[in-house]
Structures are given as C-alpha cells and as structure tokens.
Amino acid sequence: MNVIYLDNNATTKVAEEVIEALLPYYGSLYGNPSSMHTFGGQIHRRIEDARERVAELINAEPEEILFTSCGTESDNTAVMSALLSNPQKRHIITTKVEHSAILNFCKTMERRGYEVTFLPVDKLGRLKPGELKSAITDNTAIVSIMYANNETGVIFPIDEIAALVKSKGVLLHTDAIQAAGKIPLDVKKLPVDMVSLSGHKLHAPKGVGALYIRKGTRFSPYLIGGHQEKGRRAGTENVASIIGIGKACELAKKHVHDEHTKIKALRDRLEKELLKSCPNTKINGDRENRLPNTTNIGFEYIEGEAILLRLNEHNICASSGSACTSGSLEPSHVLRAMGVPFTAIHGSIRFSLSIYNTEEEIDFVLEKMPKIIKELRELSPFGKKEKPGSIK
Ligand code: PLP
C-alpha cells in the first residue's frame, strides 16, 4: 500500500540504515552484554558505541545517557528520581499541555499526596515564564516542562526557563521527545538536569528511549534489580533497539539541518495552500516558535474524525486534534488549555512530516483536502457558516 505518512509525531518509519544496523542483534549476536565471555562482552561494547551516538545528538557525555524502554519510562523516571532524591520536597511544577507520560504521572503523584502546579498556556500555546517564577517554592522538588509540544509543535523557551529554575536551585527536566532530531539540542549550553528522548520519534524502533542525566545530579533508579546501566536501571538491555536508537541518533544529527530546510519548506507550503483553499481554517499554536515538521490546523464546523476517515480513503495518515483516536471522546487537553474555540477544536488535524515526505505527496494532499472539507461542511449542520472571506 502506498501510504502518505504525515503522522510522524505519532511515530516514524524505522530508517533502512537502522534496520540494517540492528538486525544482527536478533540473529547471530544474541549474547548477554553482562556476560563475562567475549561473545557477550562484544555486545557490551556495541551498547557503549550506541550510547556515544545518542550523547552526540544532544552534545552530552556518554556516561550521562541512560537507556530506557520508551519515552514514557524516561519521563516517569526523571520525575520519580527527583522526588525520591529529595524526599523532604513535595511539590512538582509542570504544564497543562504535557504529554500524558508526564501529565498522568503528575496527577497520580497528586493523588498520592504531592502538590502539583500545572502551569497554563496562552491562546498560542505559549508559556509565561513569569508564572513559573511565582510557582517555585522552597518545597519544589522538580520542574518538568516539555521542549516542544507533540500536538502543536510549539517550542517552549527552555533556555529562559532553565535560567530561572536553576537560579532557584531546583531540578529541571525537559521532555525533548518531539524536539530531538528535529531541532538542534545542546545540553552544554542549556542548564537542564534531565532530558527525555524516545527512539520511535526519530526513526528508531518503538520500545526504546533514553534519559540524559547531567553529571552530578542525584539519581534514584526507577527499576530495581540487576546492575545494568551502572546500577541506574535494572533489566537485561533491549540490545537490538539500543543499537537502533544509536544509529538513528547518528542519522538525526546529519539530518537535523534538512528538518529546518526541506521539511519546513514542505510544511509551510502545505499550511499556506490549505489556508488558501479551505475557508474557515486556522493554525493552532505559535507559528514563530514551532517545530519545523508540525502543523495543527483547525477546520471549523467539522469533525476531525470525519476528515481523518476521508483522508484514510486516500491512504493519507494524519492525526486528529481531539483525542478520539486514543479512545477518549474528550477533545485534546492541549487545545483546550489554549482555549481553542469549540467550533475549531473538534475539527483540528495535525500533520507532522519527516525527511521521507516528498513534494508529490504534499501536492496530492493539497489536491484532496479542499474537496474533503467542502463536502464535509455541506453535510455539517454548521456548513452554511462557511465564509470564504474569513481565512486567518
Ligand atoms: N512525550 C512526548 C512529548 C511524546 O510525544 C511521546 C509520544 O508520543 C511521549 C512522551 C511518550 O513516548 P513513548 O511513546 O516512547 O513512550
């Protein structure tokens, strides 16, 4: 099936080079990296090579990289470690627009007696650092704020946030799962203590992640058992996927420039043409500070699911701004936090591109979309509200 895949913030195609690099570890190279013999020991060395590649992507030192089973584990580990390492502090600060890996973890901690501040965002999905400043108290154990939002692509001013949080002596974690590989990240320049990464968002397999832990940061393991990962995360390593994330980070470092030029150009054309050809349509989120691959578009007066189904008929994959695809009928918590109006929140679609998308694919989407939107609006009880002059 020839699929036009514009859902790269959900997951990405595993790069051919990554598959090639990891396959031997499902075959002849099956040794346990903890074994004393050479057969296992050689695997250990390969894991350390992968660690170097991951470190290079964010300009970290290899020993600051911990391999995990996914981005969710990295996020949970970071916050839990801060709470366990500072048991006298019982306050967490995060935002209302985090991924559920942080949001639901913090809500669970709240039910367990911790105090959690969920910072608001404005209508463009931006955070006000001033609100963060007043939320920090002597009781704050950790601030966890995402680098870039998975739904809108909005990038938070992590440098400004980091300066503020560090001036108060509080731990700072950032979920950079959507940012890594799409924009350059440099932990030498950014005073964050922990950074989460996930393999399947950057063309590595699903089920592998990494957590950067700055040297000197007090750390309490989340998984307890064997001595793997220098005692910081027990469990026999997912060797093939670790090799895969290492290779993917090496490729991402090379491609990060393409994300800014080629992908951004494709995204911008898609966005501009859709705004022109589909009336009553607007972009959700700050267009200035945004990932180069993401656009979240509100098609007013229609249901996002209906758009997705029609796109699906043409093998075009995108995501809905409402969370119905994930089994809930609630509209997106991110768009709600931004105060996106009812008329647009349900018809919001996220297109997220990758280096594998082509001009021809974008042409095809641009050809199909206006017809889909027009037909759905005609079926909608609000269809008559279509006003060709009101494009924003
Ligand atoms: N954080 C963000 C911002 C994400 O986009 C995702 C995945 O969608 C996660 C965390 C969770 O990562 P994983 O699917 O690897 O658990």
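Only this structure's heavy atoms are used, side chains among them; waters, hydrogens and symmetry mates stay out. One-based numbering, in listed order, for ligands and for the atoms of each.
For atom 14 (O) of ligand 1, the nearest protein heavy atom (residue, atom name, distance) is H200 NE2, 2.9 Å. From the protein, the heavy atom lying nearest to atom 5 (O) of ligand 1 is Q178 NE2, 2.7 Å. Counting only heavy atoms of the protein, atom 4 (C) of ligand 1 lies nearest to H99 CD2, 3.3 Å. Ranking the protein heavy atoms by distance from atom 15 (O) of ligand 1 puts S198 OG, 2.6 Å first. For atom 16 (O) of ligand 1, the closest non-hydrogen atom on the protein side is T72 OG1, 2.6 Å. The protein heavy-atom contact nearest to atom 1 (N) of ligand 1 is D175 OD2, 2.6 Å.
Neither the backbone nor the side chain of K206 has any atom closer than 4.0 Å to an atom of ligand 1 (non-hydrogen atoms only). With a 4.0 Å heavy-atom cut-off, ligand 1 is reached by the side chain of N150 but not by its N, CA, C or O. Residue I102 does not touch ligand 1, judged by heavy-atom distances below 4.0 Å. Heavy atoms of E73 found under 4.0 angstrom from ligand 1: none, in either backbone or side chain. Proximity of K201 to ligand 1, defined as any heavy-atom pair under 4.0 Å, is confined to the side chain (atoms from C-beta onward).
Both the sub-6.0 Å distance and the 45° axial angle are satisfied by K13 relative to the ring of Y356.
Numbered from 1 in the order shown, with element, the atoms of ligand 1 that lie under 4.0 Å from a heavy atom of D75 read 1 (N), 10 (C). Using a 4.0 Å cut-off to heavy atoms of C70, the atoms of ligand 1 that qualify are 15 (O), 16 (O). Within the listing of ligand 1, atoms 3 (C) sit less than 4.0 angstrom from a heavy atom of M146. Using a 4.0 Å cut-off to heavy atoms of G71, the atoms of ligand 1 that qualify are 12 (O), 13 (P), 15 (O), 16 (O).
When all heavy atoms are compared, the tightest approach of R377 to N280 is NH2-O, 3.0 Å.
The number of heavy atoms from other shown groups lying within 6.0 Å of CD (E16) does not exceed 12.
For the residue pair S69/E73, the side-chain donor-acceptor check at 3.5 Å is satisfied. Defined by atom type and a distance below 3.5 Å, a donor-acceptor pair is missing between the side-chain atoms of H200 and T12.
The CD1 atom of I283 sits 11.5 Å away from the OG1 atom of T294 when rounded to the nearest 0.5 Å.
Residues passing the salt bridge (Lys or Arg N to Asp or Glu O under 4.0 Å) test with K166, sequence neighbours excluded: D193. Judged as a salt bridge (Lys or Arg N to Asp or Glu O under 4.0 Å), and not counting sequence neighbours, K168 has no contacts.
Although no hydrogens or angles enter the test, the distance criterion places no donor-acceptor pair under 3.5 Å between the side chain of N293 and the main chain of S354.
Salt bridge annotation for D268-K264: present, with a cationic side-chain nitrogen under 4.0 angstrom from a carboxylate oxygen.
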